[in-house]
Every structure is written in C-alpha cells, then in structure tokens.
Amino acid sequence: MLDKNGIARTIARELKDGYYVNLGIGIPTLVANFIPEGMEVQLQSENGLLGMGPFPWEGSEDPDLINAGKQTITTLPGSAFFDSAMSFGMIRSGKVDLTVLGAMEVAENGDIANWKIPGKMVKGMGGAMDLVASARHIVVAMQHVNKAGESKLLPRCTLPITGLACVRKVVTELGVFGFDERGFVLLERAPGVSADYIRERTLGHLSSIGQEPEIQWA
Amino acid sequence: MLDKNGIARTIARELKDGYYVNLGIGIPTLVANFIPEGMEVQLQSENGLLGMGPFPWEGSEDPDLINAGKQTITTLPGSAFFDSAMSFGMIRSGKVDLTVLGAMEVAENGDIANWKIPGKMVKGMGGAMDLVASARHIVVAMQHVNKAGESKLLPRCTLPITGLACVRKVVTELGVFGFDERGFVLLERAPGVSADYIRERTLGHLSSIGQEPEIQWA
Amino acid sequence: MNKIYADADAAVADIRDGATLMLGGFGLCGIPEHCIAALVRTGVRDLTCISNNAGVDDFGIGLMLKGRQVRKMISSYVGENAEFERQLLSGELEVELIPQGTLATRCMAAGYGMPAIFTPAGVGTEVAEGKETRVFGGKTYLLEMAFHADFALVKAWKADRLGNLVFKATARNFNPLMAMAGKITIAEVEELVEPGDLDANAIHVPGIYVHRLVVGTHYEKRIEQRTVRTPNS
Amino acid sequence: MNKIYADADAAVADIRDGATLMLGGFGLCGIPEHCIAALVRTGVRDLTCISNNAGVDDFGIGLMLKGRQVRKMISSYVGENAEFERQLLSGELEVELIPQGTLATRCMAAGYGMPAIFTPAGVGTEVAEGKETRVFGGKTYLLEMAFHADFALVKAWKADRLGNLVFKATARNFNPLMAMAGKITIAEVEELVEPGDLDANAIHVPGIYVHRLVVGTHYEKRIEQRTVRTPNS
C-alpha cells in the first residue's frame, strides 16, 4: 500500500525534462516534492503563475502571491505572472503537459467526477472543468475507496460529472491504472498488494493478468 | 472651400476632453495638429499604441516605434503599448470615442468604400474594416469629388464596401454633412461656398435649407 | 480629463440597486477592499456580482452578503462562507457556478468586443444544460456569452492619472479582464505615479479602459491559507 | 531543457515544403529578420505565410517572395511590393486578405484554445462571402476560425532561457499572438538575459508558449516611412 507520498512519488515518474505541469490541491501538490534532481519542470498555477516555488519561510509570506489553493507560495527565477484568461488560454490550447488532480469518482471510460455531491453544499468547480476538458495528459491521484469503503473506480460515475473521457491514468494507494476499451487496466501493483486484493476493491471493469509488476521508483 | 488643414480643423471640433481617438492616414492625421490647448486627447494607433506623440526629431527615429501608417513617431508621457489583439479589442468594444478616416465613396445610408478599386492592384483593407464595423463615432475626411470630377457622396457605393451604415459625419472641402433617413444632410457650408454649389456636386440625396451656416472655428 | 476620485465612497456613489458588478480578485488576493467597504456603506441592494469567489464571512464580498446586498453571485468557487451558505439555502441568494476559465474568458470577451466564445469546459456536465454546443475539429465546445457589467471594481498595484494599470504577482488574476469589461471601471490602486513613470511596455490595462481611480491606503490584504516552509521540509 | 539554438539556420532547419508559418511584425517593424534570412537560405517552398504584411521587395517576406518560396499569403495589407504584385497577377501566388483585427484575433484564438471567434469586421463586404453570420444583441458578426501554424517565427526584444519574452514598443504588434499560436514557436531575440532578470509582472509571452530561442545580432530594422518633425512644425 502506498501512502500519500508514495502516490505522489509514483506520479512523479510521469514527469519529463521541460514539462509544464499543473498540480491540483491535496496529494497532487506533493508531486512537486519528487521532481528528480536536475530535471527542469515548471509548475503552473491556474490563478496566473508559471514557475511556482516552495512555500515561503515564515515571515516572508506575500498576500499578493498565492497558488490556486490560496496558499502563500514563492516563485522561482524565470517565473511569469499572467491574468486568468491567459492562464486558462494556455490550459485550453494544450500547452500544459501534465495535469494531476484528485477525484471522487473515475469511470471505466475516463469520466471524472470531483466537484459536487448532491445534498451537500456545493462549493463550485473552480478550474477543474477547464483543466479536464483541455489537458493533454490527466493523471488522477486518489484513494481507491471512499470513507464508506466503496470503490471510487466505477463502471460509470454516480456523482455529477466534471469532464468526459479525459483521465489517462489513475494512481491510488493500491496501484497504477490505465484504460483500454473495456475499462481500467492494472499496470502496476502497490508493494505487497495482490491483483486479487485490488480487483475486490474495484467496481469498474479491471483487466489484470495477475502478475503486474510492483511499483518501483528510480 | 477648405484646404486639407481646414478639413482637419473642422473635424477637430468633434474632439472632447478625455477622448480616445483613432486617426487614419492622410487628412485625418492632420486633426492631431488642431487639438485645442488644454484639452487632453489620447491618440490610438491600431498597431498597438495609446498616447501617440508627434514625429521624432531627425536622428531620434526609432524603428521599433511606428504608427499604423508605418511612419516613425514618438510617444507622450503615459503612453501604453499593447499587442494587435488588444488594440482591436478596444476598437471592437467601442472604447475609441472618435474615428476619423478617409474614403473613396460614402453612401446616403452611411456605407463606406475605401479599400479596393476593381481592376487596380488591391493592397488590402488593413484595419479599416475593423474600425468601421465597431467605432462609435466615425467621421470621414475626404475630397468632395474624385479626380474625374464625380461626386464621392453617392446614393449607394459603387466600389466594394468597407463597412455598412457606419459613417456619422462627412467633412469635405465644401462642407459638413450628417445623415437622416433620406440621405445626406448639409450641416455647414465651407466659407464662400453656396448650398447650390454643393448640391450640384453631390450625387446622393442632399437635404439642405439653403441657409446652412458657414463653418466657424473657435 | 480627471479620473481621480477623492475616495472609494465618491467613486461608487452612483451604483444603484439592481446593478451588475464585476469584482476582481482570486480568493482574497487582489480584491478591491476599499470599494467593497464603500459599497457596504452605501447600502445598495439587489446586486448581481460577477466574481470568482464570494469572500469569507467577515471580509471581501462576505461583507456585502452580510448586509444582504447581493441578489445573485456568478462565481466559480464559493466555499469559504457560512453566511453565503445560509442565504443560499434560504433562497435569499441566487448562485450561478461556472468554470473558472469560462468566467475569465467571458469577461475578457467583453473587453475585446467579442459577443461570445467557445470553450470545451463543462461539455457533458450540468454546466452545459440549455447551452448550445458545436463541434470544431472533432471536439465539442460550448457557446458561452460575454459578461458585461455596469461597473467593474478592480484592484491594481500602480496607476497613473491616465488610468494605466499595473498589477502585482497573482493579485492580477481577474482584475485586468474585468477592468476591460466594465461599462464604468473603477480601479483602486496602492500607488498613483506620474504619467511616464510606468514602463509603457509593461502596462497591463491601458487607461482607455479605466474611468475612475481611487488611491487606497492601509490595505489589509488578508491571507486565507498562510502556508510556510518548515526548516526540515 | 534547452530551448536555445545556435543560430537561426539551426532553428528553422526542420521547416519543410508546404508548411504553414506565422511571421510576426507590422510592416517591417518587429519582423523576425534572421529567421527569414535563414528560411531563404533553406530554399524551402510552397509555404503558406500568415503575416500582416508581405515585406518590401528586398527585405522581410519580400526576400522569400523573390525566392518563390511562398505559395499563399494571408495578410491584411500587402501593398509595398512589386514582386508580390507580379506573382499575384501571374497566378504564382495566392493571397487571402483579411481585416487586421480579424487576423490578430484569429491568431490569438489559437493560443487561447478558442476554435473560432465572432467579429463584426467585414460584415456586408467581400470578406463575409461564404462565411457564417450570427446576430448577437442586434449586431451582426462573422464567425472566423482560429489560425494555426506549424511554426511561428517571432521577434522579441528580450528573453530568458526559459522562453519568457518581452517586446519593445510597437514592435510588439502581432508577435505575442503568433508566439502563442505556433505549434512550434521560434523566437529570435535581441538580448538573452538570466532567468529572474525579466520582471515576472512584465512578461508578454510566458515561456510555455516558446519552443526555440535564437539570439540575433546586427539587426537592420529597416524603416519604411522615415518621418521627422521639422523645426517649424
């Protein structure tokens, strides 16, 4: 089983030198901690920044400098600020190489639901619908099951959709999942987790030969 | 009869303090010389400048600083540069208070033709079609008749149209013309020019009481 | 030509009941604090507010909500506000949630004289309900109308008296777009400089889009998520 | 990540016959001189060139016309060029003239991921022939498609190695729009500075849009209409 850092570290293997990457709130944010040494990756924050750096040291927070999660941040040399239209312009035109975000549900066909639970107060979709509608490579980082123990990898989403057929990869504490025409495909197992164990916790169709490799980090 | 400066000076009476103005090539450019003392008028050049100043002194020309007529220019304090999309964005959204441009023909209904003569090499419309499609107040500065002595104020344009029903006022060497539902309306006569003389040279319908005032400058 | 108003109260004095406003800012970053405070003092009501967020209970648009001044919010994310939730559930407040990029682009469209734009955001979701779709190059887009506002209230870093605006860091966000979209645009700024002091190459919003200027002082600039690095992180 | 190419020849070496190019500049102001010169040296042919103008006989795109490298020009104004006229009349060259603002906005649309835009420019004219029109708020607009280009060749003033671009004065014009529209964007710049030397608030084109950088030297920057003030004017 992977912990949150393990999920982030697994996703970090998707990074390539020169990539522009948008990381959502939560586990996705942790991916930034696993950018390999010597690899140049530019982080985009959709409120209007390329070249996001780490959190500031205490006392040097700038209220005019926040990320899309409204956290105080810093910038790296060579960063650029822009307005929200240009920010989503670069997202919409496919310039962002990798988008990592959380989800409540992912469906066999790559649909994602992550913005609204009927009956609960709706907070809004923020930039999530724009990101999933346009990003070229979308990886979901999430727990495999919800608090009630139910699979979040489903035949189809039960919650209101955020975007259609857009997710390319899912990483949970149990493994790494791709997609084929039938549904989810188990690509790698978390260390010590069997394919059967994963299948039991996956409601959507899961293709698995039962001998998928365990996740390894460089 | 007005000379070119007289036409420009007449049009300059349309200016108001705080106006943003786009001046075309030729006579319209001369309007800038008649901005009343103490009045603040910002000149927009559609290649990407607000706050255009006079031509540079010899030796201080900057090839990176030209107007829409490709002439070397200067800027005034408080000028701003922008890209061509924003430039036409402000034109399209009606932020330019006054647009002055030349024409080959103007029709009774305010149609304008100023970009193309069939059989002659076409140079292109540049920004003219954008300007006439969007500007809120369009004044045409032109000679009353063409080189063949034919009226340029016509029942309808014979040349390819630049824009439909957009001209609000025409100033020629003979007078100032507005529009009503029937066609041109003589508003003011050039000094020493009779309404009859103007009517003879105007092919489009011209309303005139025959006693329109002579043009006066403050 | 004088665009400079004595204070925010003077600048917002003619905003009437039922007006549609745009308010710049992302979260509490780059919001027009002083204009909001002045609006609260006017007691103007039945406002439609286009703003990415709705403030928090005791700051930003939250103050206008507390005064029951807002009839409708058009936003992308509104989650930080108990009074907001109360008014929404009681039916006092109407809310239209739209994707953040769609919101930004619909504001930009107004300033660029474009009546509508196409975006793929929201295709296949609730957001698309009742909206026209169109396929370009095999991909489906929604037709979304430009947003217009009677007044745009924005917060800039620096301005000159001609109305040229410069924004700082991520406090830029929606501010330039809304500044360009307002029928009347009121910009409150931290610093007023002489014409020519701003680099003409680095103006974010040219003065042609800006009608009123207010110099604000004592900005609170509240931070929503103060997050800092720890020595061993 | 290395975006810096040794010279313009290296940067344009993989541009193939039949490619669609965008070339920045207005008149001769802000044109990518060195990339054009390099393109002439490659002898690549059958190019479609999207550029507001077509240069003059012996400079700018005129040099490519002289080499019969251009099959089609998409421009708003092409009047300064005798060779251009000759090729057009002989049928060697195809020309599509479109309004300047439409050209700019169709380029912008690509960089902003918008498949098409609406503009009133050209309604009722030849430009509207065969195009879809639509009425919004009582005004008629044309539907115009985004322009895409295999390569965008632009000229910037300064850049850092991440590809962040800053333009000078009216040499900005179409350059940022085309930089954002290119599938592969090649920016030639007068000065390469260290990351962090450019004001992060004043970047015109963020590096995400820029794939290749060339540092140009000895810019000719020819002036088309040298106009000066006279002491008594």
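Treat the numbers as computed from the prediction; the structure is a model and nothing was measured. In what follows, chains carry the letters A, B, and so on, assigned in the order in which the sequence lines appear, proteins first and then strands, with residues in each chain numbered from 1.
The main-chain N or O of A:I66 is found under 3.5 Å from a side-chain atom of C:T170 such that the two form a donor-acceptor pair. Panel note: side chain C:R229, backbone A:W57; no donor-acceptor pair is recorded below 3.5 Å.
Contacts between A:V122 and chain C at a heavy-atom distance below 4.5 Å involve backbone atoms as well as side-chain atoms. Interface residue C:N53: only side-chain heavy atoms are found under 4.5 Å from chain A. Residue contact with chain C, scored on non-hydrogen atoms closer than 4.5 Å, involves the backbone of A:N67 exclusively. If you measure heavy-atom distances from A:F88 to chain C, the contacts under 4.5 Å come from the side chain alone. Interface remark: A:T75 contributes no atoms to any contact with chain C (heavy atom separation under 4.5 Å).
Put simply, the side chain of A:M129 reaches to within 4.5 Å of the side chain of C:T125, judged on heavy atoms. A 4.5 Å side-chain heavy-atom check between C:F26 and A:K70 finds at least one atom pair inside the cut-off. The side-chain heavy atoms of C:Q225 and A:T72, taken from C-beta on, include no pair separated by under 4.5 Å.
Heavy atoms from other residues, nucleotides or ligands lying under 6.0 Å from NZ of A:K4 number 12 at most. Around atom NZ of C:K139, more than 12 heavy atoms belonging to other residues, nucleotides or ligands sit under 6.0 Å away. Annotation for A:R156: atom CZ does not count as buried by contact number, only 12 or fewer foreign heavy atoms lying within 6.0 Å.
Atom NZ of A:K123 and atom CD of C:E85 lie 8.5 Å apart (nearest 0.5 Å). One distance of note links CG of A:D64 with NZ of C:K168; it measures 4.0 Å at 0.5 Å rounding. Distance check, rounded to the nearest 0.5 Å: CG of A:L164 to OG1 of C:T140 gives 8.5 Å. Note: A:D62 CG to C:C29 SG = 8.0 Å, rounded to the nearest 0.5 Å. For the atom pair CD (C:E126) and CH2 (A:W115), the distance works out to 4.5 Å, reported to the nearest 0.5 Å. With values rounded to the nearest 0.5 angstrom, A:Q71 atom CD is found 11.0 Å from C:E224 atom CD.
Residue-level contacts of residues 91-103 of chain C with chain A, in order of numbering, are C:L97, C:I98, C:P99, C:Q100, C:G101, C:T102; threshold 4.5 Å between heavy atoms. Below 4.5 Å, heavy atoms of chain A meet heavy atoms from C:T119, C:P120, C:A121, all part of residues 110-121 of chain C.
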Next on the checklist: Using side chain to side chain contact (heavy atoms under 4.5 Å, CB included), reason through A:M121 and C:F84 one step at a time and then give a plain yes or no.
Outcome noted: CA-CA 10 Å; A:M121 171 67 187; C:F84 182 97; 3.8 Å; yes

Item to check | Worked verdict on A:E61 versus C:V228 for side chain to side chain contact (heavy atoms under 4.5 Å, CB included) | outcome: CA-CA 8 Å; A:E61 309 92 329; C:V228 296; 3.2 Å; yes

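Considering only heavy-atom pairs separated by less than 4.5 Å from chain C, the leading option among A:A133, A:G127, A:G48, A:P56 is A:P56. The candidate from C:G122, C:A104, C:A169 with the greatest count of non-hydrogen atom pairs under 4.5 Å with chain A is C:A169. Comparing A:S84, A:G124, A:S134 by how many heavy-atom pairs each has under 4.5 Å with chain C, the most go to A:S84. Taking A:E46, A:M125, A:K116 one by one and counting their heavy-atom pairs under 4.5 Å with chain C, the maximum is reached by A:M125. Of all the listed residues (A:A113, A:G126, A:A85), the one sharing the greatest number of non-hydrogen pairs under 4.5 Å with chain C is A:G126.
Side chains of C:T105 and A:R92: a donor on one and an acceptor on the other come within 3.5 Å.
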